[in-house]
Amino acid sequence: MATPNETNSGPSGESAMLLHTALFKQVSSEEAEELLPHLQHAEYNKGDYIFREGDTDHRMYLLERGRVKLIRQSSDRRVQLLSIHAYGEVLGEIPVFDPHGGPRTASAVAMTNDTKVVWLEHDALFAWLDEHPRVAVDMLQVLAHRMRDNNERISELVFMDVPGRLAKTLLNLASRFGEPVEAGLKVPHDLTQEEMAQLVGSSRETVNKALMDFANRGWIAREGRSIVIYQPGMLIRRARR
């Protein structure tokens, strides 16, 4: 794992704002002040590992800037892209809430330069939760949402064809990272062709064929590592077929 620049993160406005994301939405300013001295922050460049599959640390991370991808690697070194995460989202929570500890089930890799995370050790987080147990309800909601997303992804792999999964993936990326432009909605995904295929759960050749079909129909256009969506309604219809 790359050695990041790690320091204590005092009660700055930036960190206080981060605490009022979904995970800590019911936290008062006074309660946040109690937790802030325990926050650490670290910065990473593109390609750096924040943590690796198999690590046994008990840290929970929150993404403060940039994007991070979660990946798993098989014994024959094939890589699966599991998900992409952005500002305010939780990373690496499983070992923190697992009573048996680690190991980590995936690796987290920075997708952009100057990616910034803040993290908490297990003991500091649980000591704080002992003082404010109702906050645990918000954490359960976030974890339940993550579990629901994972269940939906499993169902999609079983029941949906590749074009349908691709359409849904493009719509999800658009809802999170899309930028309105005159022609439509530009989605700067910053994924290689292989990573896009991994995210959809298919081969690169099959996903490229589906992308070409969408483009030929006039639904999208490809611009390097961005996609411009012209007709989101058609993608919605294809994802529901």
Side-chain angles (χ1 to χ4, degrees), residues 1-53 55 57-71 81-97 104-129 132 135-136 138-143 145-146 149 172-179 187-191 195 199 225:
M1 180 167 61
T3 303
N5 179 23
E6 297 184 355
T7 63
N8 288 328
S9 182
S12 67
E14 189 176 19
S15 293
M17 182 174 63
L18 183 65
L19 289 180
H20 291 275
T21 56
L23 191 61
F24 297 98
K25 63 183 178 181
Q26 302 298 330
V27 178
S28 68
S29 298
E30 293 75 17
E31 291 167 341
E33 290 291 333
E34 298 174 17
L35 187 59
L36 288 173
H38 300 285
L39 289 176
Q40 306 269 350
H41 78 258
E43 295 188 14
Y44 299 85
N45 288 321
K46 183 176 181 179
D48 288 345
Y49 279 75
I50 299 168
F51 55 79
R52 291 181 181 271
E53 183 178 351
D55 286 352
D57 66 282
H58 297 152
R59 297 175 177 179
M60 184 179 73
Y61 294 82
L62 293 170
L63 183 52
E64 192 168 8
R65 186 175 64 227
R67 295 184 194 173
V68 171
K69 60 183 178 182
L70 291 184
I71 62 172
L81 175 54
L82 301 176
S83 55
I84 297 172
H85 297 269
Y87 169 81
E89 296 186 22
V90 183
L91 299 170
E93 73 279 2
I94 292 177
V96 177
F97 292 98
R104 293 200 175 277
T105 58
S107 300
V109 184
M111 297 180 66
T112 58
N113 288 328
D114 300 321
T115 291
K116 185 176 182 181
V117 299
V118 296
W119 53 268
L120 279 165
E121 291 286 0
H122 169 279
D123 292 346
L125 175 61
F126 273 71
W128 185 73
L129 286 175
H132 310 290
V135 180
D138 294 321
M139 294 190 172
L140 285 173
Q141 291 174 346
V142 171
L143 296 178
H145 180 73
R146 183 74 58 84
D149 286 344
N172 176 266
L173 292 173
S175 69
R176 300 170 67 199
F177 309 122
E179 304 170 354
V187 186
H189 54 76
D190 197 34
L191 297 173
E195 288 173 327
L199 191 59
R225 293 193 180 182

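A quick note: this is a predicted structure, and the numbers were derived from the prediction, not measured. All heavy atoms count here, side chains included; hydrogens, waters and symmetry mates do not.
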### Query
Given side chains that start at C-beta, do those of L120 and L39 come closer than 4.5 Å, heavy atoms only?
yes
### Query
So L62 and L91, side-chain contact (heavy atoms from CB on, under 4.5 Å) or not? Walk me through it.
CA-CA 6 Å; L62 293 170; L91 299 170; over 6 Å; no
### Query
Of the options R104, H122, R52, which is the one that meets D57 in a side-chain contact (heavy atoms from CB on, under 4.5 Å)?
R104
### Message
I'd like to check F177 versus I84 (side-chain heavy atoms, cut-off strictly below 4.5 Å). Are they in contact?
### Response
yes
### Message
Suppose we screen for side-chain contact (heavy atoms from CB on, under 4.5 Å). Which residues come up paired with V109, at least two apart in sequence or across chains?
### Response
Y49, K69, I71
### Task
List the atom of W128, the atom of E31, and the distance in Å for their closest heavy-atom pair.
NE1-O, 3.2 Å
## Note on the structure
Residue set satisfying side-chain contact (heavy atoms from CB on, under 4.5 Å) with V187, at least two apart, ordered chain then number -> L173, A174, I229
### Side-chain heavy-atom pair H189, R225 within 4.5 angstrom cut-off
yes
### Message
Could you tell me if the side chain of L191 sits less than 4.5 Å from the side chain of M111, heavy atoms only?
### Response
yes
#### Entry: Check: R65 side chain, D114 main-chain N or O, donor-acceptor pair, under 3.5 Å
yes
### Message
Once side-chain contact (heavy atoms from CB on, under 4.5 Å) is applied, do any residues pair with S83, and if so which ones, sequence neighbours excluded?
### Response
L70, H85
### D149: salt bridge (charged side-chain N to carboxylate O under 4.0 Å, His left out) partners, not counting sequence neighbours
none
### Query
Are the side chains of D190 and K46 in touch, meaning some heavy atoms are under 4.5 Å apart?
yes
### Message
Looking at every heavy atom in both L82 and A106, which two are closest together, and how far apart are they?
### Response
CD1-CB, 3.8 Å
### Task
List in chain and number order the residues that pass salt bridge (charged side-chain N to carboxylate O under 4.0 Å, His left out) with E53, two or more places apart in sequence or in another chain; answer none if no residue qualifies.
R72
### Task
Without swapping roles, check the side chain of N45 against the backbone of N113 for a donor-acceptor pair under 3.5 Å.
no
### Query
Residues in side chain to side chain donor-acceptor pair (under 3.5 Å) with R176, at least two apart?
E89
### Query
Who are the side chain to side chain donor-acceptor pair (under 3.5 Å) partners of T112, not counting sequence neighbours?
T115
#### Entry: Residues that E179 engages under salt bridge (charged side-chain N to carboxylate O under 4.0 Å, His left out), provided they are two or more places apart
none
### 4.5 Å side-chain heavy-atom contact, E121 and W119
yes
### Message
Going by the rule side chain to side chain donor-acceptor pair (under 3.5 Å), which residues pair with E34 if we only count those two or more places apart in sequence or in a different chain?
### Response
H132
### Task
Kindly write out the residues that satisfy side-chain contact (heavy atoms from CB on, under 4.5 Å) with L143, not counting sequence neighbours, or none if the list is empty.
E93, F97
